[in-house]
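Taking it in order: structure first as structure tokens, then the write-up.
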Amino acid sequence: MLYFSIMNKVVATAVRFSQLFGKTMRQAPAGADTAAHQLMLRAGMINQLAAGTYTILPFGLHAYQNVERIIREEMAAGGAQEILMPALQPIELWEQSGRKDAFGPTLFQVKDRKDRMLALGPTHEEVVTTLVGQTIQSYRDLPLILYQIQTKFRDEARPRAGLVRVREFAMKDAYSFDQNEAGLEDSYDRMYKAYANIYKRCGVPAIPVDADSGAIGGKASVEWILKSDTGEDEVIKCPSCAYAANAEKASGTVPQRVKEDEKPTEEVATPGKSTIIDVSAFLKIEYSQTLKAVFYSADKQVIFVIIRGDLDVNEIKLKNLLKATELRIANDQEVARAGLVPGYASPIGVSGVKIIADESIKMGSNFVTGANKVGFHIKNVNYPRDFKADAVTDIAKISAGHGCPKCGAKLESFRGVEVGHLFKLGTVYSQKMGAFFLDKDGARVPALMGCYGIGVGRLLAMVVEQNRDEKGIIWPKEVAPFDVHLVALNIEQEPVRQAAEKLLSELQGAGLSVLYDDRSETPGVKFNDADLLGLPIRVTVSPRTLQKSSAELKLRTESQNRLVGLGEALASIKGS
RNA sequence: CGGGGUGUAGCUCAGACUGGCAGAGCGCUUGGUUUGGGACCAAGAAGUCGCAGGUUCAAAUCCUGUCACCCCGACCA
């Protein structure tokens with residue numbers, strides 16, 4: 001690792017601020033709402049071309065390439081080899097894996113001059129598995145971990161928050177191939193550790209949480225999440241044990257209700273009361289004393305979902321249960337056509353519609369449900385006495401306050417941004433794309449795969465988001481675009497210029513990269529830009545410091561500065 | 001795809017209701033005075049008011065259409 005660092009530091013860059021392409025801005029352009037997005041724009045790191053597409057400018061690119069370097073070093077340490085696969089991929093590959101439909105409109109498709117369809121790769125499982133299938137023959141060729149840093153294209157419905165969600169972005173994607181479960185475990189573990197190191201070195205406290213594997217398929221899946229109010233994901237976490245999961249995936253225990261003796265059903269008039277809130281208030285009962293009916297359309301088929309009134313449906317769980325490709329709330333026409341009455345629906349006596357019930361309908365008794373006619377509900381409904389369901393299973397969305405599945409403590413929830421995702425894929429792709437090998441017994445078997453992704457730009461955005469104050473960015477050492485911000489005040493004065501340039505070449509000679517502020521700006525402008533750009537060490541040379549034959553050193557993380565003699569400046573800087 | 005919002009100088013925005021010479025701050029250029037936390041004075045350059053059509057003597061402003069961008073939701077390896 002040290003070897004690589006030295007390799008990269010050999011080309012110690014020095015850039016003059018007056019020549020740097022990309023200006024700092026006092027105000028961020030309108031439309032940048034998140035702190036990281038604003039800072040990246042103000043610091044001249046990025047420029048937006050269109051929705052979800054950005055140019056990375058020089059100052060940003062220095063940091064970007066540092067992130068890539070860290071990723072490459074940790075991949076190498078984890079035993080992965082780098083390749084580079086095409087972004088342009090025959091659509092047939094996507095038909096072969098069945099993911100053309102799974103991705104749907106998110107998949108960018110282009111036509112070549114012969115009218116052949118090509119996909120702009122949103123990810124590379126198809127290509128890498130085909131490649132490995134062509135290459136490996138024997139178990140002796142395994143284990144194998146390949147990775148690349150390649151541009152991905154995804155026609156996102158809504159790009160947002162600068163580099164956090166974009167349509168064209170560089171992603172490091174790694175793929176492991178093993179001959180058995182133990183091998184997969186080992187490869188997965190190596191990548192897990194590599195990811196932990198990457199986040200640590202990038203200065204972001206990402207935590208691993210259980211996740212749904214979504215359209216990519218496979219069994220186990222872990223997302224690395226950064227806690228952030230601007231996040232798109234909701235994370236459920238236990239405060240007293242290690243349990244953490246994406247809310248899409250989270251399990252847990254919902255509040256119990258005391259079982260009572262079952263009473264006879266009774267119809268009550270509830271005029272105009274069609275929501276759980278209204279009905280509960282009207283009948284003076286708790287939400288958990290009611291049963292909520294929700295209608296979904298799963299691949300065009302109407303599904304009747306019944307769940308206790310205080311809970312919500314976890315649509316990912318439901319989608320997985322139904323093995324549906326498309327799941328959405330049914331519209332009024334679909335509900336009416338199925339003979340159901342929105343607001344007053346009940347599973348009692350319903351036929352011809354698939355009924356999926358959450359386990360919570362068994363936790364409690366004498367529930368209130370709709371009466372399947374407008375203006376009426378039924379009291380004292382009990383399962384299975386009064387209605388049947390095609391399935392009774394866990395489809396409840398776990399929220400803050402519910403019980404931890406591991407230790408029972410009250411769960412907490414927070415928003416977060418996904419900065420990495422690990423999957424144990426198994427043989428899904430190797431079967432479909434033909435990545436087989438001969439095992440020790442001479443049997444032809446599919447390779448066991450894992451895949452591991454991390455978005456470079458998104459990670460960089462999160463480095464900024466997690467390392468800043470009201471004045472600007474505070475770069476972690478390893479990601480910082482430059483090591484040193486050299487500020488010359490009153491640079492028109494020849495002694496100042498000479499002292500600054502001398503220090504500059506000393507720093508460069510010592511292998512440090514330097515941003516040299518050689519502009520004729522006032523001290524205020526220079527210091528504020530230094531704070532905004534946030535390099536780890538600021539070194540100031542001015543008539544005032546030269547009177548004492550010194551330079552001033554200040555760390556971005558500290559408010560104090562100190563004077564050091566010009567002769568010892570280099571040593572002090574290196575020691576900071 | 002549903003809801004909301006915004007398009008005027010490089011950036012942030014006013015002007016629109018009530019049609020009548022295209023504006024301010026920041027930034028930029030030139031000269032001067034300044035110089036340790038976003039200086040000051042003076043003189044300048046800079047806009048197809050998103051685009052198209054319509055109404056009108058006259059449109060940034062009113063009407064119709066359209067495009068782009070942002071936010072919330074849906075979606076999202």
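Naming convention: chains lettered A, B, ... in sequence-line order (proteins, then strands); numbering from 1 in each chain.
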At under 4.0 Å between heavy atoms, what does A/Thr522 touch on the DNA or RNA strands: base, sugar-phosphate, or nothing? base

Might you work through the side-chain contact (heavy atoms from CB on, under 4.5 Å) test for A/Phe169 and A/Glu156, ending with a clear yes or no? CA-CA 12 Å; A/Phe169 60 100; A/Glu156 296 289 351; 5.5 Å; no

Distance check: side-chain N/O of A/Arg158 vs OP1/OP2 of B/rA74, anything under 4.0 Å? no

Could you tell me which nucleotide pairs with B/rA42 by Watson-Crick or G-U wobble geometry, both distances under 3.5 Å, or answer none if nothing does? B/rU30

For A/Met462 and A/Val164, what are the C-alpha separation, side-chain angles and deciding distance, and is it a side-chain contact (heavy atoms from CB on, under 4.5 Å)? CA-CA 8 Å; A/Met462 286 300 106; A/Val164 171; 3.7 Å; yes

Measure the distance from CZ on A/Phe169 to P on B/rC76 and round it to the nearest whole Å. 15 Å

Could you go through A/Met85 and A/Leu146, starting from their C-alpha distance and side-chain angles, then the distance that decides it, and tell me whether this counts as side-chain contact (heavy atoms from CB on, under 4.5 Å)? CA-CA 11 Å; A/Met85 293 180 273; A/Leu146 298 173; over 6 Å; no

NA contact type, A/Asp173, heavy-atom cut-off 4.0 Å: base, sugar-phosphate, or nothing? nothing

Determine whether A/Glu125 and A/Ser97 satisfy the following criterion, side-chain hydrogen bond (donor to acceptor under 3.5 Å, both in side chains), listing intermediate values before the conclusion. CA-CA 9 Å; A/Glu125 281 79 13; A/Ser97 70; over 6 Å; no

NA contact type, A/Asp33, heavy-atom cut-off 4.0 Å: base, sugar-phosphate, or nothing? sugar-phosphate

How would you label the contact of A/Ala32 with the nucleic acid (heavy atoms, under 4.0 Å): base, sugar-phosphate, or nothing? nothing

Who does B/rC21 pair with, Watson-Crick or G-U, both distances under 3.5 Å? none

Between B/rG36, B/rC11, B/rG38, spot the one nearest the side chain of A/Val525, thanks. B/rG38

In Watson-Crick or G-U wobble terms, both distances under 3.5 Å, what is the partner of B/rA68? B/rU6

If you measure from the P atom in B/rU6 to the same atom in B/rC63, how many Å do you get, rounded? 14 Å

Look at A/Arg160 and B/rC70 and indicate whether a side-chain polar atom (N or O) is within less than 4.0 Å of OP1 or OP2. no

Remember a base hit wins even if backbone is also touched, and classify A/Ala157 as base, sugar-phosphate or nothing at under 4.0 Å, heavy atoms. base

Between A/Pro159 and A/Pro543, the residue closer to the 5' end of RNA chain B by nearest nucleotide is A/Pro543

Could you tell me which nucleotide pairs with B/rA59 by Watson-Crick or G-U wobble geometry, both distances under 3.5 Å, or answer none if nothing does? none

Distance-only polar pair, side chains of A/Arg190 and A/Tyr452, donor-acceptor under 3.5 Å: no

Looking across every strand, which nucleic acid part, if any, lies under 4.0 Å from A/Gln48 by heavy atom: base, sugar-phosphate, or nothing? sugar-phosphate

Could you give the distance separating B/rG10 and B/rA16 at their P atoms, to the nearest angstrom? 23 Å

